[in-house]
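So the structure is just underneath, and the comments pick up after that.
Letters go in sequence order (proteins before strands), and every chain restarts at 1.
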Protein chains: 2
Amino acid sequence: MTSAPKRTRTSKTGTPTGTEIVARTSVGLRDVAKAAGVSTATVSRAINKPDIVSEELRLRIEAVIEHLGWVPDAAARALSTRRSGAVGAVFPTLTHGDFARTATILQHELLAEGFTLLLACSEYDPEQELRQVRKFVERGVDGIVLVGNEHLPELEKLLSRQKVPSINTFVYNQATHGRSIGPDNRKALFDVTNYLISLGHRRIGVIWQSVANNDRAAERLAGVSDALSAHGLSAWPYQIAKELSSIGEARTLLRRMMSTDSPPTAIICGNSYHAVGAELEALAMGLSIPGDVSIIGYDDIEIMSELPVPISTVRVPSDQIGTRAASHILARILGREEDTQFECKPELVLRASTAPPRSPQA
Amino acid sequence: MTSAPKRTRTSKTGTPTGTEIVARTSVGLRDVAKAAGVSTATVSRAINKPDIVSEELRLRIEAVIEHLGWVPDAAARALSTRRSGAVGAVFPTLTHGDFARTATILQHELLAEGFTLLLACSEYDPEQELRQVRKFVERGVDGIVLVGNEHLPELEKLLSRQKVPSINTFVYNQATHGRSIGPDNRKALFDVTNYLISLGHRRIGVIWQSVANNDRAAERLAGVSDALSAHGLSAWPYQIAKELSSIGEARTLLRRMMSTDSPPTAIICGNSYHAVGAELEALAMGLSIPGDVSIIGYDDIEIMSELPVPISTVRVPSDQIGTRAASHILARILGREEDTQFECKPELVLRASTAPPRSPQA
DNA sequence: CGCAGCCATGTAAACGCTTGCATCGGCCGG
DNA sequence: CCGGCCGATGCAAGCGTTTACATGGCTGCG
């Protein structure tokens with residue numbers, strides 16, 4: 001006798017009235033189980049830990065899944081496991097080669113471990129960074145990758161409150177407490193500046209990007225400053241660019257800088273685009289590089305080495321940052337503790353654009 | 001004996017033994033409700049449709065949320081609403097300015113409507129594209145943005161089966177049926193080639209990237225071919241680069257090309273990096289541009305206009321692609337139907353690198 | 001030959017929200 | 001003064017998985 005089954009769930013949309021609802025929600029685990037003649041638990045196990053399910057059932061289940069075109073629902077899974085299998089990353093921008101490369105590597109490494117990378121960019125706006133991180137936390141990411149050491153206090157609070165492992169990239173600074181992976185920005189430009197000084201330069205110009213909301217650039221600028229003042233060189237002609245990486249603007253700034261009474265004999269640029277702009281304009285002005293002026297940049301893009309005068313620069317190991325960040329965050333997710341800081345040593349790449357000044361200076 | 005109460009939910013982690021479990025699951029909607037002395041339904045409504053809840057309660061609830069630091073669980077919400085509030089986008093790479101820019105705009109536009117952009121890259125590998133899309137579908141994205149018209153059949157099947165609205169970007173092709181937003185690649189290079197022909201060029205060289213898994217590049221190459229054969233020009237010296245956008249490799253190819261008996265008087269390059277490499281090498285060889293050889297590229301990056309001889313190119317309106325793609329996918333999500341195709345007209349940017357050949361040819 | 005133990009499987013509760021429906025006071029018009 | 005209606009709130013049933021625990025059939029050893 002068919003006693004009314006106490007169906008808790010309705011999977012067949014059994015409308016007693018004749019109105020068959022068409023908008024069927026796509027197949028679910030339940031449907032697979034039914035079609036395969038097993039319980040939902042078994043299906044779940046078949047896909048999550050295939051080895052504890054009998055060969056026969058596993059194959060049958062796989063066939064059914066394939067046939068029904070079932071796609072597991074990550075939301076349901078996340079809800080159930082309290083694990084999302086996702087890691088969030090917020091970069092200031094993606095139109096910058098280093099960040100894009102790090103993001104790509106990161107995604108690659110995470111994917112290999114079964115994690116998804118959720119990517120967003122803050123456009124150098126701390127508020128937006130916070131907003132993006134919040135979205136990620138809502139989505140239950142298991143870890144977060146950030147850029148830089150400075151974040152809004154709400155962000156720090158959010159992360160610690162929710163106990164989401166996070167890591168700051170593109171920075172390394174003994175002084176700060178947070179976990180970080182990247183170059184020691186300050187030291188990098190300290191070294192660059194000392195290199196120029198050791199070549200004999202005394203009038204050293206600087207073309208730099210804005211350091212607002214950019215602790216990396218600020219640190220580097222501080223490095224320049226450190227080295228200069230260590231040699232009693234305090235005042236130097238310098239220009240801050242409005243745009244982040246505009247070749248055109250760098251040209252304008254260089255021209256202005258070289259048109260003064262006693263132009264610098266060397267110029268340090270905040271990034272590769274500035275350096276490229278500086279070189280192009282200097283050449284257009286008929287100056288010789290490095291004869292009249294040495295130029296050095298920061299970070300390396302292909303064009304730097306292909307221009308008529310290849311430009312010296314600092315190469316940031318963004319690939320390494322990606323792999324280290326990935327392994328760090330994965331380790332933390334899996335409960336292992338990791339070194340809190342890791343320095344990715346940048347490489348000083350010397351090319352033809354830097355040389356001793358033509359005539360020794362006071 | 002203390003009869004076990006039939007607690008459905010454990011929110012207080014009431015371990016009868018003295019061992020207080022510390023790993024408290026972070027605060028939930030339930031805790032907020034309790035603290036505010038209202039039902040969970042009211043809290044839910046207070047945050048989702050604030051206007052149907054009394055002012056007083058709303059304020060009280062907001063205060064409690066703030067105080068408890070509650071972050072709603074997107075997974076639970078998604079499970080419940082069958083809406084994720086996320087849109088996925090898979091680009092071939094992010095290290096390419098156009099894609100990065102489109103992604104940024106896309107994120108921006110979606111955010112404004114309360115949607116999150118999930119970003120991934122396929123590294124020009126259809127398999128990986130499929131994998132990423134599958135991940136997105138599992139995560140329940142409400143829409144998907146892709147690049148190009150050609151995808152694995154499984155991908156198409158997956159999307160149609162799960163009824164996920166999707167849009168192909170960076171392509172526009174009357175012939176194909178799919179929805180797409182972008183430039184008409186074939187026509188763009190048909191026009192470029194005709195322009196060179198109209199200048200009087202007859203020996204036109206081509207430096208191109210591989211067209212494997214890149215229907216956009218393939219279409220553009222076809223456009224070149226169309227125009228040439230329309231003028232009875234069938235054979236032309238051409239070189240396919242191994243790397244996608246290597247200035248260095250382009251230099252090699254150009255040198256090889258210009259070292260033949262009858263070198264081309266004009267060269268069409270598959271992208272801006274090829275064009276930059278071509279110019280730099282030509283200049284290094286002592287050739288004059290456009291005197292000895294005209295050069296034209298595809299897509300516009302700042303360096304193109306800053307080199308000693310500014311390079312003619314085609315500007316792809318990647319911003320527009322981003323905004324259109326966003327509004328299209330949002331419209332589809334909200335149930336509105338949209339135009340299935342939209343052409344983002346590319347702009348032919350003529351600079352100093354193109355001119356009639358020095359001496360008229362046969 | 002019997003029972004402990006083990007393996008493969010099933011049962012059902014729980015994950016943290018949303019939302020249809022029930023409920024409960026007013027308030028307004030008759 | 002009363003009934004109906006409406007707006008605000010509470011109740012509880014899901015949403016689609018996972019997983020602790022129960023079950024039941026075997027195996028192997030005493």
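Between Arg45(B) and Asp51(B) no salt bridge is recorded (no basic side-chain N to carboxylate O distance below 4.0 Å). Ionic pairing of Arg58(A) and Glu62(A) is present here: one or more N-O contacts between side-chain nitrogen and carboxylate oxygen are shorter than 4.0 angstrom. The pair Arg134(A)-Glu138(A) does not meet the salt-bridge criterion, since no charged nitrogen lies less than 4.0 angstrom from a carboxylate oxygen. A salt bridge is defined here as a Lys NZ or Arg NE, NH1 or NH2 lying under 4.0 Å from an Asp or Glu carboxylate O, and Arg60(A) with Glu56(A) meets this definition. Salt bridge Asp73(A)/Arg82(B): present, at least one basic N to carboxylate O contact under 4.0 Å.
When the nucleotides dG14(D), dT19(C), dG16(D) are ranked by their closest atom to the side chain of Ser80(B), dG14(D) comes out on top. Here the nucleotide nearest the side chain of Ser44(A), chosen from dG16(C), dT18(C), dT18(D), is dT18(D). Nearest to the side-chain atoms of Lys49(B) among the listed nucleotides dT19(C), dT18(D), dG16(C) stands dT19(C). Across dG16(C), dT18(C), dT17(D), the shortest atom-to-atom separation from the side chain of Arg77(B) is found for dT18(C).
If you take CZ of Arg60(B) and P of dA8(D), they are 16 Å apart, rounded to a whole angstrom. The CD-P distance, from Glu55(A) to dC7(C), rounds to 18 Å in whole Å. Computed from coordinates, the Arg58(B) CZ to dG7(D) C1' distance equals 16 Å when rounded to whole Å. Taking atom CD on Glu138(A) and atom C1' on dG16(C), their separation rounds to 13 Å, with Å as the unit. Atom-to-atom, CG of Asp31(A) to C1' of dC15(D) comes out at 13 Å; the value is rounded to the nearest Å. The interatomic distance linking Arg30(B) (CZ) with dC11(D) (P) rounds to 12 Å, in whole Å. Rounded to whole angstrom, the span from the CG atom of Leu68(B) across to the C1' atom of dG16(C) amounts to 15 Å. For the pair Arg139(A) CZ and dG16(C) C1', the computed distance is 15 Å after rounding to whole Å.
Using a 4.0 Å cut-off, some side-chain N or O of Arg82(B) falls inside it from OP1 or OP2 of dG16(D). In this model, the phosphate group of dC15(C) is not approached by any side-chain N or O of Arg83(A) to a distance below 4.0 Å at OP1 or OP2.
No side-chain donor from either of His151(B) and Glu156(B) sits under 3.5 Å from a side-chain acceptor of the other.
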Just the table, please: protein N/O against nucleotides 8-10 of chain C N/O, every pair under 3.5 Å.
unit_1  : atom_1 : unit_2   : atom_2 : d
dT9(C)  : OP1    : Ser54(A) : OG     : 2.9
dT9(C)  : OP2    : Ser54(A) : N      : 2.8
dG10(C) : OP2    : Ser39(A) : N      : 3.0
dG10(C) : OP2    : Ser39(A) : OG     : 3.1
dG10(C) : OP2    : Thr42(A) : OG1    : 2.4
dG10(C) : N7     : Arg45(A) : NH2    : 2.7
dG10(C) : O6     : Arg45(A) : NH1    : 3.3
dG10(C) : O6     : Arg45(A) : NH2    : 3.4

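In this structure, Glu66(A) places its CD atom where only 12 or fewer heavy-atom neighbours from other residues, nucleotides or ligands lie under 6.0 Å away.
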